[in-house]
Structure formats: structure tokens, C-alpha cells
Protein chains: 2
Amino acid sequence: MIKLAQSKFVTIKDIAEKAGVSVNTVSRALNNKPDINPKTKEKIEKIAEELGYVKNSYATMLKSQISNTIGVIVPDSSNPFFSEVFKGIDKAAKEKDYQIIMMNSEGIYENEEKFIRTLLERRVDGILLFPMQKSYEDIKDLIKERFPIILVGREYDGWDVDQIFSDEIKGGYIATKYLIQKGCKKIKMITDELYNSASFGRIQGFKKALTERGLKVQDEDIKICDKIHEGYHIQAGYDETIKMLKQKDKFDGIFCYNDLIAYGAIKALKEHKIKIPNDVRIVGYDDITFSKLIEPELTTVRVNKTEMGYEAFNMIYKRIKAKRMDNSFVKKILDVELIVRESA
Amino acid sequence: MIKLAQSKFVTIKDIAEKAGVSVNTVSRALNNKPDINPKTKEKIEKIAEELGYVKNSYATMLKSQISNTIGVIVPDSSNPFFSEVFKGIDKAAKEKDYQIIMMNSEGIYENEEKFIRTLLERRVDGILLFPMQKSYEDIKDLIKERFPIILVGREYDGWDVDQIFSDEIKGGYIATKYLIQKGCKKIKMITDELYNSASFGRIQGFKKALTERGLKVQDEDIKICDKIHEGYHIQAGYDETIKMLKQKDKFDGIFCYNDLIAYGAIKALKEHKIKIPNDVRIVGYDDITFSKLIEPELTTVRVNKTEMGYEAFNMIYKRIKAKRMDNSFVKKILDVELIVRESA
DNA sequence: CTGTTAGCGCTTTCAA
DNA sequence: TTGAAAGCGCTAACAG
């Protein structure tokens, strides 16, 4: 017997016919509405079961205009930072029985734009976006005011929407201050692209801590890996460190934009038999799972990633349920803390 | 001015009215169909743009019965193994312009069942499932023969559907054989739950290598962390190793079910000042990114994760496009290789 | 080249 | 408590 790959699904009409009632009665039975004879209901449920009925949610959504779905656009789902934030989103969504359509933009603007369009076409109830770009003009235009959207993980000025991110300036500040306290005289920073607000904030904190102690900050002390593709942070950290070593830069401390970059830096230093933390102290950022497993264990700035995701979902949920846009937008800033381990 | 959170979307009817044509003309213009006057088309496109039209995909899907979407159910998206496999799926899906609805089951059967139901309700074109359970009877029942589904990452007998997984027996075998070659006399294995086919295969390979060399295998040499929740592999590896140490078990080699368990084992051994690989040699499984960063760098069995995901998508795509179910199901087995680093 | 019409599967008035 | 009928937004068959 040849079977269709996707055999026809049973509809409420099929059920109605078999039960000798109208489709409307079936609909009410299956949706636990009042005004239905318990016996009819039971009978209908039995037939639905027998026939293997599975509702067609497109029809429901088309009618009700509610999808109980949000879209989440992340740059790289295999990056532990994002996957841990995602976990928080997922947890909150499960609690509210919401579905998630997750998309990997690879940090590419064209992808983000395309995905947002797709999500709009799917009439998701809201979107969580990890902004990665310099500018969001086209996307702002696409979304207009008609849609709940939350920016997660990075601040983006010039777009009046809710945002949630961590206190980057503080993070950069406490990391650098700690390095100074430990006696570092010449601290380098390896960071991500400049227009990235997270990078920007961390640099500010870095500078603040240094100038506060009367230490000079020179542009060349801030190494920007502008060719970073998502997923290659480790390599970039490695490359930048090797470069500094080759140039015979003097330094006794490195503050890394994130833990992955720090892993790369550590690898490079180890290869050159430079002792951590004795010769060079390293501080990372994010505190991803693996940072307590590498050697030396990484001193880093902890961001509460799961909380960020969890809160982000609840922010969008609130917007969705509110139904009305008020014109006040919230910027939620999460606290960070320094986790002292072995590397600094 | 108070705005609705989700203001009404423009429909093709709106466009039709404004353009003074019928909805069908608009539909054809916007879908690049033939039989349309270029001028009309241009005009319609302009109006659509002005009005900020975004198509409602539910309506399209309801009509066409095609969603260009697949569902992917993973146990834990933050586990690097799954997130790397997912990357391969994502890559292939992008090439074919398919969307993915990804769901985290946390390895819980009830979740899997619920998610599959939801995906069916959403009329996804197919499902990729990482099977985690002893039994799939209810889910088999839910899917019946009507639906393309592929089991990814683990073999599951007793369900005639396409499957893709790696050569677990070979993996267990080469890992263990290598430990023996390196002079290990007493090798332990720390593994996941027994009913898990991956675990089962790796154990078979483990036993095969040992018996081949005339070494005895005792049940107590195989440590089963049956309380593993997804995401806690590291902890489980640590706990089991500590337990062995406390019991004063003799061993000079450990073959770990996966790299995460190996990380935990390494941590435990380091804490007890046991030298790796001098006193105890460790081999992991999967070769996730971080395995070359920890110290000592992990010797492990590499599974081509991205390829697995990529192939998995293409298998389901083929099924979807085939439209017909033939009764021959394919089991695709991916090769594995030993990556020798420092830990063994 | 364009309009009319029917219908995808479901929910929701409104009557009966 | 139930049925008839309209309609969500779009596509496709058919007529013109």
C-alpha cells in the first residue's frame, strides 16, 4: 500500500458528520465551552480521539488573531551566553504556555530583517531581539508602533522600545578596578566591535577605573577585534593576544570583552609560557559555565543570564497583555558582580 | 494618543480598495504570478509598501497546507552537543528557506509528547526528534504514518522511521582500545542511562575492546549516573568519580559517555592531585568546542555534529518533498574518529 | 490581463 | 443546548 507522506488530517467537519451534529457543537465540545450537553461532549471527544483529530492551529489563529507565540532572534544559539539567556526565556515561556520561534541571525543585519519580516508574517505576539547592529532604521520602520518588541542584552539608543541589559559600565569598572588592586600597572582590553553598546559600556568602565587611579589610557591599549564573526570569539582572543606578544607590547593584565575571548587569550599566553596570574592577570565577562573548568579558572564578571531571559519574556508578555502602548518605555538594567577565581 | 499594542495589519483587501482592483489581482501582483500588467503590479506594490503590508501567513498556510516549517525537539539547547547539531540543521534549513520551531524538552517525555502535539497542530511539514526515552509508544500513536519524522542522534528500535546517529559501538571501541594501548590495566566507564541507545552502543564497544584483549569486564566497572538531568552531566561526572575515589576503586583509565562527564571527572581527579594522564587516562565523547581548551586537553571521540544536523534536515526535506511514504526506512550511521590530545 | 467566486478549518454571533 | 451562517486573509479555478 502506498501512503501519502502527509495524509489528510481530520477536521471538525469530519467529526461533526460522524457524530451527527454541527461543526459548531464540535468546536464547543472540544474547547470546553459552556452550553453543551455533557453527553454530547463525551461522544464528540470519543470520536475525535478515534479519528485521531489534531486541531489546525492556523485556522484558529486566523480567526482569533492570537498566536501565543513569540519570536526570538539570537546572533548565535551555540554561543553559551545566548543559549543561557535563551534558557531563561524558554523557562518563562513554558510557564505562560507560549511557544517560541527561534532564529539564528549570525549577527547579520539582512538576516535580522528577513527574520523579523517572517515573524511578522507569522503574526507572533511579540519579538525578542538581541540587537547586534549599528543601526536599526529599516527594522524600526518595519515594526512601526504596531508591535511589541524588546531589545535584549544590549542597549540601543534611538529606538523607543523596552530594553533589558546588564550594567556594562559597572562591569567594566569592577573588572578593571580589581586588576589594579591586584597590582597591575599596564592593563590591556580586548573587545568586540565599537558600535556595540555592550562593548562601549565596558570600555567606559575600563577607562573610568584607570583614570580614577591616575593611570593613563591610550587608544592602543584597547584592542578591537573588528573582524569577529560570531562563534569565533575564542580565535579572536587568541589572535589579538599573539599580536600583542609579537609587537612586544608590555602588559600585566587583560580585561576581555567576554569569557570566550579570555579563553583565547589564556591559550595564547600558555603557549608562550607566560604564567597566569603571576605574569599576566586575566578577567573575562559573562561567567559562562565553562569558565570554572578551564585552567586557570577564570575570574570574570557575572551577568545573570537566565534572569535576563526570564525577565525579557515577562516584559514582552506584559506588553502583549497590556494591549495598549503607553509611551513610557522601560530600560531594565541588571546588576553584575565580580566572580574571583584563579586567573586574576 | 493611545495606540493599540498590536494595531491592525493591512490586508490585501485594503490594498485592493485603494488600488481600485480586486483582491485576486493584488494577490497575483504580490506573489509574482504571471498574467499581470506590469503597471498594475507596480502600482500595487507601491501601495502595499506605503500601507506597510505584511502578509498573514496563517491564511496562506491554511489554504496551501504547506508551512515550510519543521519542528525540532531537543533535550537541552544549552548543551554544546545539541547546539552544534542544531547549527547544522539551521544551516541546511536556511539553504532551503525553511523555518524551524525549536523546543526544549528537557528530556522529559511529557514535554516531548506535548510538543509533538503542538507541532502537529501547527502543521509543520516534518519533525526532527532527538529521542531520549525508553519507549515511544504514545508518540508513535500520535504521529501514525501520516507524518515525516526523523530520529536524530540516537538509534531507536521498534519505530520504522528514518534515523541518523553515529557509530556508537565503534566509538566505544576505539576509545577503549586506545586506553588499553596506552597501558591501562583497569578501565572504568561512566555512562548515561542504560536504555539510551547511545549509551548502550558505547558500552558494547567498551566491552568488545576489553574482552578482545582478554580483559575482564565487571558490571561494577560501568558506572551509570541514572539521576542525570540534562545539563548536569558535568556534576554527574564529578560525583561518580568522587564516589569511586572514596570507595578506593582501582583504576588507571576512564572512558566517559561524553565530554561533559569527562570534565567533571577531570575536575574530581585534579582536586585529589591525581595526575592526568600519568595516573589516570581519560577519554571523552563528542569533541565539543571546549574540549581543546580545558587542561589537560581532552582526548575524545569526535562525532561530526554539524554534519549530523545538516544531514538530518536533508533527510526530512527529502521525505517532505517525496510526498509518498515508501516502506523502506533509512538508518544513516555517521563515522566517528578518535581525537588524541593530552588526557590519554 | 482581471474579476468573481468558492473554500482552507475554525470560531463566533445570532436564532431557533 | 444546538444549528445556521458569516467571516478571519488568502489562493486558485474559472469566466470574461
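What you see is a predicted model, and the numbers here were worked out from it, not measured in a lab. Labels below follow one simple rule: chain letters A, B, ... track the order of the sequence lines, proteins then strands, and each chain is numbered from 1.
With a heavy-atom cut-off of 4.0 Å to chain A, the contacted part of DNA chain D has its first and last nucleotide at dT1(D) to dG9(D).
Under the side-chain hydrogen bond (donor to acceptor under 3.5 Å, both in side chains) criterion, S22(B) pairs with T25(B), not counting sequence neighbours. Shown here are the ring pair (Phe, Tyr, Trp, His ring centres under 6.0 Å) partners of Y98(A), two or more places apart in sequence or in another chain: F313(A), Y317(A). Qualifying side-chain contact (heavy atoms from CB on, under 4.5 Å) partners for S197(B), counting only residues two or more places apart in sequence or in other chains: R154(B), E155(B). Take K41(B) and apply the salt bridge (Lys or Arg N to Asp or Glu O under 4.0 Å) test, not counting sequence neighbours, and it matches no residue. Residues satisfying the side-chain contact (heavy atoms from CB on, under 4.5 Å) test with E42(A), not counting sequence neighbours, are none. Contacts of T69(A) classified as side-chain hydrogen bond (donor to acceptor under 3.5 Å, both in side chains), with partners at least two apart in sequence or in another chain: R122(B). With sequence neighbours excluded, the residues that form a side-chain contact (heavy atoms from CB on, under 4.5 Å) with A59(B) are L62(A). With sequence neighbours excluded, the residues forming a side-chain contact (heavy atoms from CB on, under 4.5 Å) with E84(B) are P80(B), I288(B), T289(B), K305(B), listed by chain and number.
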Between the protein and nucleotides 9-11 of chain C, which nitrogen or oxygen pairs come in under 3.5 angstrom?
| from | atom 1 | to | atom 2 | distance (Å) |
| --- | --- | --- | --- | --- |
| dG9(C) | OP1 | Q65(B) | NE2 | 3.2 |
| dG9(C) | N2 | A59(A) | O | 3.4 |
| dC10(C) | OP1 | Y53(A) | OH | 2.4 |
| dC10(C) | OP1 | N56(A) | N | 3.4 |
| dC10(C) | OP2 | I12(A) | N | 2.7 |
| dC10(C) | O3' | T60(A) | OG1 | 3.3 |
| dT11(C) | OP1 | N31(A) | ND2 | 3.3 |
| dT11(C) | OP2 | S27(A) | OG | 2.7 |
| dT11(C) | OP2 | N31(A) | ND2 | 3.2 |
| dT11(C) | O2 | K63(A) | NZ | 3.1 |

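Within the structure, salt bridge (Lys or Arg N to Asp or Glu O under 4.0 Å) contacts touching residues 107-116 of chain B (residues at least two apart or in different chains) are D97(A)-K114(B).
For DNA chain D, none of the residues of residues 34-50 of chain B falls under the heavy-atom distance limit of 4.0 Å.
Atom C1' of nucleotide dG7(C) and atom CE of M61(B) are separated by 19 Å, given to the nearest angstrom.
The side-chain tip of R123(B) does not point at the ring of Y58(A) from less than 6.0 angstrom away and within 45° of straight on.
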